[in-house]
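Have a look at the structure below, then the notes.
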Amino acid sequence: TAVLARANAGGLFSIGRTPDSEKTRSVFERALKKCRKQAERAGRARTGRCGRHALLLIIMEEMNMRDDNCIFCKIANGEIPSATVYEDDDFRAILDLGPASNGHTLILPKNHYKDLCEADETVMAKILPLAAKLGKSMKSQLGASGFNVVQNNGTSAGQTVFHLHVHVIPRYEGGPD
């Protein structure tokens, strides 16, 4: 709680938002691309067009990428309270309940992806820069001397919740806290 209060008071994670129009455009572009690929596979390669119904279904699929049984989906989308330190249209970053060090943060995509291999390329292009911004803020606001960025894939690699998430773990001179 003290970390969250310090984080919020010091503006630790106040790092802008992605405009809704940009997200909508991105969803539409991905859906249109999928629709064109489906049309090509169906033998309509000459026109590269698909029906409005098919496009609508793909857009709906793109906009509703959630698993109702996933606890991280519920946290990322605000259904379960959390110590949120950052949020935008694509991600929610929360303090880890079992921190490896003071300020240990999890980046949760709002859409459900089981792991790194299942994730959308646009999400992956945004997640590492976000980890860097959070780590930089941890250094300047919490006094961390460095930070780890960790992402586990599969049970044998230590993944315990099967919703893609990235750990940003601040490190301090002389110890884990």
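Computed from a predicted model, the values in this text were never measured in an experiment.
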Can you give each donor-acceptor pair under 3.5 Å made by side-chain atoms of residues 91-98, sequence neighbours left out, with the distance rounded to 0.1 Å?
| unit_1 | atom_1 | unit_2 | atom_2 | d |
| --- | --- | --- | --- | --- |
| Arg92 | NE | Ile75 | O | 3.2 |
| Arg92 | NE | Ala76 | O | 3.1 |
| Arg92 | NH1 | Thr84 | OG1 | 3.0 |
| Arg92 | NH2 | Glu87 | OE1 | 3.4 |
| Arg92 | NH2 | Glu87 | OE2 | 3.0 |
| Asp96 | OD1 | Gly98 | N | 2.7 |
| Asp96 | OD2 | His104 | NE2 | 3.4 |

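Not a single side-chain hydrogen bond (donor to acceptor under 3.5 Å, both in side chains) links Asn77 to another residue, sequence neighbours left out. Listed by chain and residue number, Ser145 satisfy the side-chain hydrogen bond (donor to acceptor under 3.5 Å, both in side chains) test with Glu173 (two or more places apart in sequence, or in another chain). Not a single side chain to side chain contact (heavy atoms under 4.5 Å, CB included) links Lys136 to another residue, sequence neighbours left out. Here Asp115 pairs with Cys117, Glu118, Asn153, Gln159 under the side chain to side chain contact (heavy atoms under 4.5 Å, CB included) rule; sequence neighbours left out. Checked against ring pair (Phe, Tyr, Trp, His ring centres under 6.0 Å), Phe72 has the following partners two or more places apart in sequence or in another chain: His165. With sequence neighbours excluded, the residues that form a side chain to side chain contact (heavy atoms under 4.5 Å, CB included) with Ala119 are Tyr113, Met124, Leu164.
Put simply, Val168 and Leu142 are part of the same group of oily side chains (I, L, V, M, F, W, Y) that touch within less than 4.5 Å, one to the next. In the hydrophobic cluster analysis, where Ile, Leu, Val, Met, Phe, Trp and Tyr join through side-chain heavy atoms closer than 4.5 angstrom, Leu130 is grouped apart from Leu108. Under a hydrophobic-cluster definition in which Ile, Leu, Val, Met, Phe, Trp and Tyr are linked whenever side-chain heavy atoms come within less than 4.5 Å, directly or via other members, Leu116 and Phe162 are assigned to different clusters.
Within the structure, the ring-ring contact (aromatic ring centres under 6.0 Å, His included) test picks out no pair touching residues 128-149 (sequence neighbours left out).
Across all non-hydrogen atoms, the minimal contact from Lys74 to Asp68 is CE-O, 2.9 Å. Minimum interatomic distance between Asp88 and Lys110 (heavy atoms only, all atoms of both residues): O-NZ, 2.8 Å. When all heavy atoms of Tyr86 and Leu134 are compared, the closest pair comes out as CB-CD2, 4.1 Å.
Surrounding CD1 of Ile80 are more than 12 heavy atoms belonging to other residues, nucleotides or ligands, all under 6.0 Å away.
Looking at heavy atoms from C-beta onward, Asn148 lies in side-chain contact with Arg171 at the 4.5 angstrom threshold. Side-chain contact between Asp90 and Val123: absent, with no pair of heavy atoms (C-beta onward) separated by less than 4.5 Å. Considering only heavy atoms from C-beta on, His163 comes within 4.5 Å of Pro109 through its side chain.
A distance of 5.5 Å separates NE2 of His167 from CG of Asn152, quoted to the nearest 0.5 Å.
Chaining together hydrophobic side chains whose heavy atoms lie under 4.5 Å apart places Val150 alongside Ile169.
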